[in-house]
Amino acid sequence: MRILVVEDNVRLSALIVKKLKSENYSVDACLRGDEAPDYLACAEYDALILDVMLPGLSGLDVLRAMRAKHDKTPVLLLTARDSVGDRVSGLDAGADDYLVKPFAFDELTARVRALIRRGTNAAGNVFTAADLTVDCGARKVTRGGRDVGLSAREFAILEYLIRNKGIVLSRRTIGGHIWNYDYEGASNIIDVYIRNLRRKMDSAEGPKLIHTVRGAGYVLREGV
Amino acid sequence: MKKLPIKIKIVILFSMLMAAVVSAALFVLLSVGEQMVVSATQNDLMNTVAESRADIEYEHGALDFDDDLKYYENGVSLSVYNEAGQLLYGRQPGGLTPSEWPLSHAEMRVAGAPPRSYYVYDMEYLQDGYGVLWVRGVLPTEGTDTAFAALMRLAAVILPLLIVVGAAGSYLVASGALRPIRRIADTAEEITAGGDLSKRIALGDGKDEIYSLAATFDRMLERLQAAFDKEHQFTSDASHELRTPVSVIISQCEYALDGADSREELRAAAKSVLEEARRMSALIAHLLSFARADKGDADIHRETVNLSELARGVAEQAAEAAADKKITVEAAIEDGLIVSGDETLLIRMMWNLLENSVKYGRQGGAAKFSLRGENGSVIGEIRDNGVGVAAEHIGKIWERFYRVDASRSGGGFGLGLPMVKYIAEAHGGGVSAQSEPGAGSVFAFRLPRKKDSVPFISPSSWPGKL
């Protein structure tokens with residue numbers, strides 16, 4: 001899951017990025033409001049954490065411009081304690097949630113999880129496909145009742161696939177959501193990851209879940 | 001004091017120290033020496049007075065003064081008195097008569113004031129048959145005073161002279177010792193002013209601290225120069241690589257705008273623009289990877305990684321990719337090799353090596369990938385029977401943008417192997433390459449094996465599973 005953090009306070013920004021990275025999100029950060037549209041144009045984000053008071057372009061302006069372009073990326077606004085007006089106009093401008101500064105980082109990550117969940121129309125943090133269960137809160141995977149040990153990035157790829165169950169995802173899209181940068185050869189590396197994922201979970205009894213769509217990418221679905 | 005050159009500081013300090021030592025030595029010498037000279041003089045006086053007694057006899061009702069008794073002996077003037085203080089014999093210098101200067105037995109006294117002062121010593125004794133006799137000795141203090149005055153004058157000349165000589169000596173020694181430092185500073189100054197990194201201090205062979213400092217500086221300059229040269233080379237290579245696709249894009253666009261008539265021609269132009277743009281995008285992605293790599297450890301996401309599993313995935317993927325060229329990929333991978341590192345980078349490292357040997361492999365050839373643990377290390381080897389690399393190139397293949405055959409630039413940028421080298425080194429390991437042209441090459445990497453790692457039981461190594 002890839003997240004953009006737009007916050008002009010360098011220290012707070014660095015703390016948020018660190019916390020999110022420790023939760024295995026891939027994170028980009030920018031410090032100015034007028035840089036945010038460039039970031040949004042260059043990559044596909046699963047969530048946006050947006051400060052209201054920003055140099056260059058205010059957070060609300062960034063939000064309005066996004067929604068005007070029909071960008072539905074979930075947005076979490078960061079507002080000051082005594083600005084009811086900001087919160088109201090923020091939510092009216094299209095924000096999905098807000099958090100009042102100062103906040104607890106655990107609450108921030110919980111709200112980010114909730115935002116991403118809403119973005120993928122999921123009811124909770126637990127996803128299932130056939131006999132596969134992926135618990136995104138506890139970061140636990142079971143297949144046919146048996147635990148599957150995955151590395152952080154393997155888990156991130158599986159999480160992305162299962163959140164988008166039934167949707168074919170190109171290698172470029174997957175790469176963009178897993179690493180906060182892209183590089184040549186990433187598609188081969190994704191192939192290796194998918195191969196290892198399959199070996200770890202598809203080799204068990206039960207149907208094959210991760211399918212290759214020739215020339216398009218990968219999809220996780222039940223059945224053929 | 002802080003603004004003075006070290007050389008001057010040393011001279012000042014040394015001179016001050018020496019002045020203090022010399023003064024102390026002279027003070028001790030003078031004070032002790034004066035006492036010694038004074039007491040020796042007084043002893044002379046006492047002895048002379050005491051010995052004179054032997055030269056006085058009483059015979060036949062008269063005092064007899066022996067010939068040995070001089071009025072004046074060893075600078076001492078002797079005089080003899082009777083009990084009433086009447087002069088019987090000798091002379092009394094400076095008018096030191098008993099009436100003016102009463103007789104006092106065995107007492108050392110000083111009479112008069114300098115420069116005419118005297119030590120006076122009297123002795124009373126009983127002469128057989130005669131009665132009480134007094135002997136008085138008088139000795140001028142003048143002699144001892146002049147000796148000391150001379151010594152003091154000598155000291156007044158020698159002391160400053162010693163300090164001056166010492167200061168000059170310390171100046172010479174200090175400037176000799178500090179000259180190499182001056183040279184280090186001058187070299188640094190020249191480099192700062194002119195930006196010429198090829199300058200060296202070059203002090204030559206020496207064993208002391210300053211020589212080793214200069215040698216350290218030279219080594220640092222060596223490294224800096226190499227790094228700058230590399231940076232410069234990298235930038236110029238990257239610009240060169242980007243210029244080619246840009247010029248193709250420009251000419252294709254010009255053609256599309258002015259020359260192309262049919263839809264097919266426009267499509268063809270757009271297609272080659274797309275191809276070149278993709279190539280540029282790939283190169284930019286590479287450059288970004290290296291920029292991140294050069295930044296240091298920051299972007300390495302370390303975790304405990306089962307390298308055996310990763311290697312298996314990479315080998316299978318490479319086997320699939322090599323099938324088009326009818327190259328077989330054989331893997332001999334030891335189980336349970338655990339390292340601490342960035343999973344994605346490690347996959348990339350192994351992938352780049354295998355891709356490389358497939359790319360330069362012969363149609364129908366074979367690539368052998370082995371991974372094994374050895375003395376706390378994990379050794380990976382990729383052996384192919386492809387075209388090989390000539391000896392003059394083998395050392396350079398790890399350099400960025402280096403291509404063995406510049407004309408065969410179809411695919412790569414010459415950045416795959418440098419990335420392998422960077423990844424291995426960032427994980428505390430290394431790379432090596434051996435090749436025989438026409439016979440094949442062996443590329444190897446070494447990574448430190450993670451110690452005390454609990455044997456990792458992955459689902460794939462469960463019994464009964466593949």
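Below, read A as the first sequence line, B as the second, and so on, with proteins coming before strands; counting in each chain starts at 1. In what follows, every heavy atom counts, from backbone to side chain, and hydrogens, waters and symmetry copies are set aside.
Judged as a side-chain contact (heavy atoms from CB on, under 4.5 Å), and not counting sequence neighbours, the contacts of A:R32 are A:D34, A:E35, A:P55.
Proximity to chain B is limited to the side chain of A:N196, based on heavy atoms less than 4.5 angstrom apart. Interface remark: B:I284 contributes no atoms to any contact with chain A (heavy atom separation under 4.5 Å). For B:E303, the part lying under 4.5 angstrom from a heavy atom of chain A is the side chain only.
A side-chain contact (heavy atoms from CB on, under 4.5 Å) with B:P418 is found for exactly one of B:Y402, B:F401, B:W398, B:F290, namely B:F290.
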Under 3.5 Å, side-chain donor or acceptor atoms of residues 70-77 of chain A against the rest of the protein: list the pairs with distances, not counting sequence neighbours.
unit_1, atom_1, unit_2, atom_2, d
A:D71, OD1, A:T73, N, 2.9
A:D71, OD1, A:T73, OG1, 2.5

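Residues A:L57 and A:P37 approach most closely at CD2-CG, 4.3 Å, considering heavy atoms.
Taking chain A as the reference chain and counting heavy-atom pairs below 4.5 Å, the highest number among B:V314, B:L287, B:V305, B:I347 is found for B:I347.
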